Every structure is written in structure tokens, then in C-alpha cells.
Engineer: 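Below is one structure. I have some questions about it.
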Amino acid sequence: MAATKKQTAGKKKPTVRPQAKKTATAKPAARPVKAAAPQKKAAAPKKARSPKPASAGAPTAEQVRKVITALKAAPVEQAAPVEQAAPAEQAAPPERAAQPERYNPAVIEPKWQKRWEHDKLYRSVIDPSRPKHYALTMLPYPSGNLHIGHWYAMAPSDARARFMRMRGYNVMFPMGFDAFGLPAENAAIKDGVHPMKRTYANIAYMREQLRSMGAMFDWEREAISSDPEYYRWTQWFFIQLFKHGLAYKKLAPVDWCPTCNTTLAREQVWGEDRHCERCGTPVIKKNLEQWFFRTTKYAEELLRFDGIDWPDKVREMQTNWIGRSEGAEVTFPVIGHQSSSTTEAQMTDDSITVFTTRPDTLWGATFMVLAPEHPLVAKLTTPERRAEVEAYIAQAIRQTDIDRESTEKEKTGVFIGAYAVNPVNGARLPIWIADYVLMTYGTGAIMAVPAHDERDFAFALKFGLPILPVIERPDRLAKSFALGGTMHDGFADALRAEGIPFEERQGSLYITIPPEKLDRYIEIARRFVRPDSWNEVVGLRWVFIFHDGVWEWDSLEAEARILARCHALEPDVRDKRTVMEMLWAVEFYRDVLYHDAYGTMIHSGPFSGTPGATAKTDVIRWLEATGKGRGTVTYRLRDWLISRQRYWGAPIPMVYCPDCGIVPVPEDQLPVTLPEDVEWLPTGQSPLKLHPTWKQTTCPNCGKPAERDTDTMDTFMCSSWYHLRYLSPHYDQGPFDPKEYDYWMPVDTYTGGAEHATMHLIYTRFFHKALRDMGIVKGDEPMLQLRNQGQILGPDGQRMSKSRGNVIDPDEQVRLYGADTVRAYLMFGYEWSEGGPWSTENIQGVVRWLNRVWTIVIETVDGRRRSGDGSPADERALRRITHQTIQKVTRDLEEFQFNTVVSALMELTNALYKYRDSLMGTAAWEEAITNLLLLTAPVAPHITEELWQRLGKPYSIHQQRWPVADPAIAAEEVITLAVQVNGKVRDHITVPADTSEDAIKAAALASEGARKYMDGKSPKNVVYVKGRLVNIVV
RNA sequence: GCCGAGGUGGCGGAAUGGCAGACGCGGCGGUCUCAAAAACCGCUGCCCUCACGGGCGUGAGGGUUCAACUCCCUCCCUCGGCACCA
């Protein structure tokens, strides 16, 4: 079930997502290829272990290695019995011997896979004489079996790697396993199977499944993140980051299940209501000491994508994720609460610093809001407010993230009794706390400018806090509402006379005032307003019009004066706590009361009149000059929380000494290995924490007893550098062999799912840049080119899932059609970056195609149609198609356009059938057949290898050079051009390709269709598009 | 709500601003066969027409252009990401 959840979460690991987790016992897939145990050191997994040494502590790396070796060597216990029975139709028909041999992938595919492996055909070694190409595709999590999605990601990537290899590049295309992680551990809690045992059994099985794909993986470069020889260096990297100040420990809120009494990883928090995976209890936040990596230090650089070819989509997602905001920090002094009940303000030493992207709205601040967790809250809260404030904080902390972050939610908050002073105008601002202000962004405190911030507006309206517009509306919309009975007779006539438009409904006037007539309107309104009432203008200007004067609504003082007079005049508005609340009651006004656009500053003291274009920068400059604030940049990106209270991960290599504090494990003592003898109890506690002795160690510094960190690292840490471990998976002098690094890095082409855009793909860039700054790696980016595949859906167009019963099992498809057909279908059936539903019907097209390829080549070998009586024109035509196909396939493979690669190959195949009776046996035929196989080799490596051999060509087709098209042969001799009259096709003309433009135009004008539709008129213009058409404009 | 991608035959999908629908599935017809399947060959956007031919067509509406699936504006819908980020 964890897997189901993870499937929907969908962005947890840089792995190609498995469709569903397989437990160690469920393994229905029967496969034609026996999962051959590669090694013969068949020591059975050590089950009954000798008692641990009295000193206990961590097992040595050697101990763990032994177990792993045993597990790797042991036959996979849950592997299915090998199904040898070939499908009935594959049995060679004894009768009708004259029939050509049928295409039988079940025989040829395993045969060639064994041969390639035996010959180390895909072994990649440093070769300075050839250009290198590091092709990388995201590694799988060893869930237990391969999903069709893995094939969709990997098979086209393999085809492209093969293509690059045939073009002369020294290609490295490695594969490994992102082997640490939660599913194996959760499964262990259910059935007691040790995560290590399960994981390595799954890897052994999936490795064989991957082999059935016929990919050019170099298995000697395989890296498994849970091997001690791997995570030794994961830990080493942690220590390097720590030593360079990029890893730090701090108190941070984590999800906590109050029933299980433990923290939960994000993966364990389920559903919209964010409940605990095991007990269903909604999680709460709890503060714990956690390790973080300082990703924010690289926020600015991560926004730059110089020199790398990554999809815009990923770049944009990363840019949004990092979320750069320019603004200012402004400091608001706090008024002592001792005197808050008096009119005498008393300054204190305290101050609140806020971040704002709109310093141009500073004069409109009417209150302050702190996050409930803000450190100043306890200090500033007045005694009489304390009970209410503490109650609010308690419930806010209990809030789930979903509740708290929901934009639908009613605003809540409480006044803490204290006040701050607006440094720009001295206004006294009440300080509130509210959960819509997040401690984790900016400074955890805001100045509220309700007139120009939607959230502040809603909050102020709800709690009766004043709202004061300070930015002019860019649309210059002004309105006035004259309630029936508030104006003397003749008001409407006066407006009409002035040309001011209004609507009259039930005795009231709804007036929209043209900006240039604002002053005139105010004069007229003042003349007509009754002494016991008032009129007002809202929008472009904000004035209250009384019979004895026009009051500008331009400050908090004015707010108070206006409100008092209105209350005195009209009992109906006495329940309105602010001017804006009064205005909001008028439906007609609502669309002009709030806006968040930039515009000319108003009601802003000396800055009034500053145009919107420069307002922000002008104010920042002034803040800095006067010391009231400074321009700053804030990012949405948070530091990366590394700690996981989990067993199946790389232990954090840190020791806590009562005397020396936090001490890293000395590098020569790495790896800190996981203990094996742990119990799988549903306590929610990490087995590392519960283990009686594992955490006990001595301080590397002073030698006194000390404790290990019992947390492990986020598995994204492991996958942030796996591309480096592939370089030299068994190297023990460092994380990678520098010789290998210098030759192979950076990764030239990286393929995988776009769902990793904001997690893995940011982490790995951060990791590389941090290592660069430590002098460990070179260059600014780890992966030069990134391409994302889409997702294969179920045949019903829905996401594949066991519960829907729409899962396509690649093993079964391979059994039905062969790996080459599955590969070719995955490339042909979809725009690769889009994906789409699996179709059992459409795959038939590819089934037929490969059978046609098989048949035509076998016929060629048999020579049964050797006629060769085709005309020279036919030969030229076939050669032209052959060379055009070379051009198209080359270009489209380069561009990852796999679907049109296959369609071009189909067209060449169709051409061969067209000419099979006339040209078979000719040189043109030989050329076409040879190139068809070479061009198809990356797509369907087995069938092409088989047919290549049967043609008597030298092994291996995959070591041949990629064909090069001859443009002269590819060029058309005659071209057919459309003849358009006024853009509509009316005729076609066929001319030699080298016909001059003038002659073509003349021919077009003379064509029957053109003459008919020109209707005797003379052409105004004749447009010739080379090789395409002639458009006659009349 | 914000950001991004995308809407093309019955279906999957092709189309440097230049003949929309390549290639394939499905469908129809033919060859082969006692028959069926397979295989091979042909046709297949919609509408009118016996036909020749014509009209209409790339989510909707406008615009730019000799020419728009493609570029611009407005709107509708689908998918992905983010979401009280001050």
C-alpha cells in the first residue's frame, strides 16, 4: 500500500517510478530467460549469526559486505520458475518446409543478449582517441519488478545511446539501483523480511528484467546506493559539506503522529487530511533537531541555466520553486506594552523586521502580523492578552499543513496587545499574530497593507482593522453612490448637465465618474449633499463630501475623523468599525476598493505622486539612505532537510560528545554501517534508536563515551551523486576515480521523468555546485542536456494502478511480442515527451513492421525473388528513399523524435516491398537492406543483429558505423509543385528539380487549373516557394 | 488563484509560416484459400455529386500575411506544477 501512495505522490525519488511494489513472495511473472546467478560463491545468506562481540557497536563494513555478496550470489528465492515452453506458434512447423523461417524473438533475443554479454560488447572504457558520450537515464528503485514505465524511459534512451555509439562516440550508458528507502522498511515491519535481504533479492531479479530489454548497459559500472562501498562515500560527502559549513543542525518542525508517538517521513503522511499511514491519526508538527544542507546558499546560481540544454518546463519549474522575490527589509520599532494603555508611547529596544516586496506601499501599513512561532511573540504579548494568544498559538501549531495553507480558509488571528511604529510616518500599528504568516518565509513577520494585499485586506475586513489606499488605481476608475434621500433634488439633472454618466435604480444613483470630471463632480456633490448626510468618491480618489466641507481620506487620523462623523450622522453605519467596512457594504463599490497593481503613490507624505514605475526603487533607496531598511532578495527555496528517522538509509556519520559537541566520524572509519540485528516493530521508532548498542561509541576527539546520530539520510542524497559513482563503482580512494571523471564527466545526456524537476534535479545541481566549490569536481553543471519522457497510461487512459487493474506488465509483453517489438512500439506509439495510453491494437503495427523487415531480409538471403529486372529509374528511386531515410532517422534520433524515426523506417520498409519483385538482388537493393538494418539497429537491437548475421555481415551490427547520406542521391530529380490561385490549390505541375524560377512561374501560369481560376485576370503577384508551390494572386 | 504545456480524422499521432492529416491502428474492397486466419495489394477527413468536380475543415471568435495547425489578441476546455511565499 505504501507503493500506491508513493505512486500518487510521484516525486519522491529520482527513480523511474515502479508501478507497484512487489512483495518478496508475490512474483507471478514468468520469464523466458533464466535469472542466472552471476557468481558462484554460493554461500547461503547468513541467517543464524554468531553472537556479536561484547563491545558491540556497528558491524564492520566487511561483515555487511559478506552478507550482501551472499545475497547477490544466492539464487533469487522468489524468482519464478523458468517458463521454457515457447508459445505454440513458435514451434517450427515440420510441414511446408518451403515456407521461409518465421521471426521468433523468443529464440533470437536471449541468444544475442548472452553473446553480447559474453563478448563485453557494451563495456565502456576510457579511450582518449575517441570523443566520449555519457548517456545517463534515471536509475530505478528496486521495488521488485520492472514496470512498463521503466521501459518507456529506458528503451528510447538506450536507442539514442546506441545511435551515438554507432556515430563514433565512446558511449557510457550505466545502470544501477537507488536502493535505500522507505518501502523496503515498511514491508519489513509487516512481514519481518530484512530490508537488505529484500532489496538485494529485488535487485537480482530486476537486473535480469533489465537485461531482457536488450539495452547496452555496462553492468560492470553498476552502482547500488545501499552497498557500504557506495554509502561510505555518501557519508564522506556529508562530512565534507559539514566541514564547509553547508550542513548544519537546527530545530525544525516535522510531521509527528501523536498516536504512534513518532515523526513520520513525508511519504508516511497520507491523504488530503494528512493522516498517519499506520494509525490514521492526523499528523501534527513537532520541533526536532534536524540536519539541513544549505541549498539556499546556491539559490541565485541555481536560477541560472547557462550552458545547459534543459527543457524550458523544467527550468521554469525550478525557477518557480526557488521563487526569487526582490523587495526590502524594514524595521519597525516596538512600543513598550507597559504604556500601551496610556497615550504616551514608550519606545523599547525591541523591533520587528519585516520583508516586503512592496516598499512603495509602506505608508498604507495599518497593522503588523507575526507568525505564531515568531520568537518575539512571547516577549511582546501583554499580560491581559497572554491567555488568548497562547491558546491561539497552541491551536495553530496543531494545525495540519493543509488546514493552515489552504487559501480557502477564513483568516484567523489574535491581537497581542503591543504596538509598533511605522518608521516612515510614525503611525501606531497594532501587532497581531496569525497563521497566514509563515515563520519559514521572509522574516516571519509582515507589515500589513490591506489596501493592496488580498490576504491583509480579508484579515483587516474581518477584524475591523483600518484599510487605507496608498496606490492610485492604474485604471483610474472612480465611483460614487448616492443613496436615495441623501442628496437634494436636482442632483441627477446637474450630473446630466455635466455629462457625468450614472444609473438610477430605486431612487439611488450609481455614478461612474470620468477622471477628468472628478473635481467637477466633487463640487456638484457638495452643493447637493444634505446636511444630515454625506456622499463619497472611491477609486481614483478617496474623499468624503459633507455639506460643509470635503474631507480627504488620506491617513489614519482622517479615518478616525470620517468614521466618527458618519457614525454621528447615520445610526445604520454605527456597526461599521472602519471606513472601508462601510464602503464594502456598498456592492457597487467592491470592484474598486482593492487592487495590488503598481501605480502612482498617494497619501504617502513626501513620496506622494511618485510614479509606479520607479516607486519601489525610489523608496528602497530612501530607506537605505535613512537607515530605516534595505533592499533584499528573498527566496521561496528552503534548506534541504536531510535527517530521516529511519533505518534503511545511509547513517548520518556524526557523533555527539558531552564534552566536544558534534564531531564527525573520522573519514578513515567510514562507512558507519547499519546494524543487521534489528527488530521490526510497528513502534514508529527507528530501529537504530531502539538498538541496544549501535549508537554507543566513543568520541573521535576525546575518546570518552559518546553517541551516534541515529538518523539516516534522505535517499535523495544518495541519488545526488550516483552519476559519479558509476564512473568507478568499486574505487576506494575517493568517491570516484579522477581519471574516469576527467574523461567521462559531465553527463552529456540525462533522461528521466519531469516529476523530478524540483526535487532530484535541483538537489543534484546543488550537490555538484557545492562539490565544485570544495574543489572535488569541475564545471558548473553536472548534466549538460536533459530530456524528459512522458508517462505511459493504462489502455483506458488512466494512470496504471493495481486497483484499477490496468497495469501492463512488460515481461508479459516481451513474452507476447519480444523485446524489440515492445521497444519499437514504445518509440513509435507516442510523442516521447508526452506519453499516452498503452494500446494493444496499435502495437500490431509494429508487430507487422518487424515481421515485414524479417521477411524481406530472409527473402533476400534466400534469393528466392532474385529478378533484378527493375528499371534504372526504379533503382534511383529506391536509392533516393534509402538516403532520405538516413537523413531523417539521423536527424530525428538526434532530436529524440523517436516516433518519426520508426515511421521513416516503416516507409523504407514499404518501399522495399514495393520494389521487391523488380529490384531484389540489385546493388540498390543491397544498399537499402543494409541501411535499413543499420538504421533500425538502435531501435530493435536483436532482430537487426540476427538479420545482419544472416546477410553474412561481420559481427556486430552494433559496432558498425552509422550510415551517412549522400545528399546528391537523396535529392529529388523531379518535383511536383502545387499551383495556387489566391491561396487555393487549383493544379499541380511536375518539373525537373533544376528548373529555373521563371520557367516554373511560367508553367504555373500556363497550367489549366490556373487559367481556369484566374478567370482571364492578370496576376497581381506570383509567389514561388522553392520546391513547394506557386501562388498566383489576382 | 498563479505559472507552464496542450486542444489536428473513428483512434495513436505527422507537418523549417507554404499542397493539413506522413506513419500506424481501425474500417472497406481485392488477391490467395474449400473456407477462415495470416500474408500481400488498393481505398479510407467531412459534406454535395453516378461521375468530372466542388465546398468545408487543425477547440471558439477576431487580427497580421500572397499564404496561418504554425505568429498576435480575446475566450473556452484538458493536463502538469505551485499555492496565504508578504
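Proteins come first, then strands; the chains are lettered A, B, ... in the order of their sequence lines, and each starts at number 1. What you see is a predicted model, and the numbers here were worked out from it, not measured in a lab.
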Engineer: How would you label the contact of A:Asp456 with the nucleic acid (heavy atoms, under 4.0 Å): base, sugar-phosphate, or nothing?
Structural biologist: nothing
Engineer: Pick base, sugar-phosphate or nothing for A:Thr356, based on heavy-atom distances below 4.0 Å to the nucleic acid.
Structural biologist: sugar-phosphate
Engineer: Can you see if the side chain of A:Arg848 gets near the phosphate of B:A38 - specifically, an N or O under 4.0 Å from OP1 or OP2?
Structural biologist: no
Engineer: Of the candidate nucleotides B:A86, B:G12, B:C3, which contains the atom at the shortest distance from the side chain of A:Asn842?
Structural biologist: B:G12
Engineer: Closer to the 5' end of RNA chain B via nearest nucleotide, is it A:Ser325 or A:Gly1027?
Structural biologist: A:Gly1027
Engineer: Look at the side chain of A:Lys411 and the base of B:C84, then say whether one donor and one acceptor between them are separated by less than 3.5 Å.
Structural biologist: yes
Engineer: Just by distance, no angles: are the side chains of A:Thr353 and A:Thr331 close enough, under 3.5 Å, to form a donor-acceptor pair?
Structural biologist: yes
Engineer: Say you pick atom C1' in B:C50 and the same atom in B:G13; how far apart are they, in whole Å?
Structural biologist: 36 Å
Engineer: Step through it carefully: locate the ring centre of A:Trp432, locate the ring centre of A:Phe459, and say whether they are under 6.0 Å apart.
Structural biologist: yes
Engineer: Can you check nucleotides 13-16 of chain B for protein contacts, nitrogen or oxygen pairs under 3.5 Å, and list what you find?
Structural biologist:
unit_1 : atom_1 : unit_2   : atom_2 : d
B:G13  : OP1    : A:Gly835 : O      : 3.4
B:G13  : O3'    : A:Asn899 : ND2    : 3.0
B:A14  : OP1    : A:Glu831 : OE1    : 2.9
B:A14  : OP1    : A:Asn899 : ND2    : 2.8
B:A14  : O5'    : A:Asn899 : ND2    : 3.4

Engineer: Looking at every heavy atom in both A:Asn806 and A:Pro795, which two are closest together, and how far apart are they?
Structural biologist: O-CD, 3.6 Å
Engineer: Could you tell me whether A:Asn1031 contacts a base, only the sugar-phosphate backbone, or nothing, with contacts defined as non-hydrogen atoms closer than 4.0 Å?
Structural biologist: base
Engineer: Where does B:G21 land, syn or anti, given syn is within 90° of 0?
Structural biologist: anti
Engineer: Looking only at side-chain N and O atoms, does A:Asp892 offer a donor or acceptor that is under 3.5 Å from a partner on A:Thr900?
Structural biologist: yes
Engineer: Go nucleotide by nucleotide along RNA chain B from the 5' end; which of A:Gly323 and A:Val1023 gets its closest nucleotide reached first?
Structural biologist: A:Val1023
Engineer: Is there, by distance only and without an angle test, a donor paired with an acceptor across the side chain of A:Arg324 and the base of B:C85 below 3.5 Å?
Structural biologist: no
Engineer: If we count only N and O atoms by modelled type, under 3.5 Å, do the side chains of A:Thr909 and A:Glu907 hold a donor and an acceptor together?
Structural biologist: no
Engineer: Is A:Asp309 paired with A:Arg787 through a side-chain N to carboxylate O contact shorter than 4.0 Å?
Structural biologist: yes
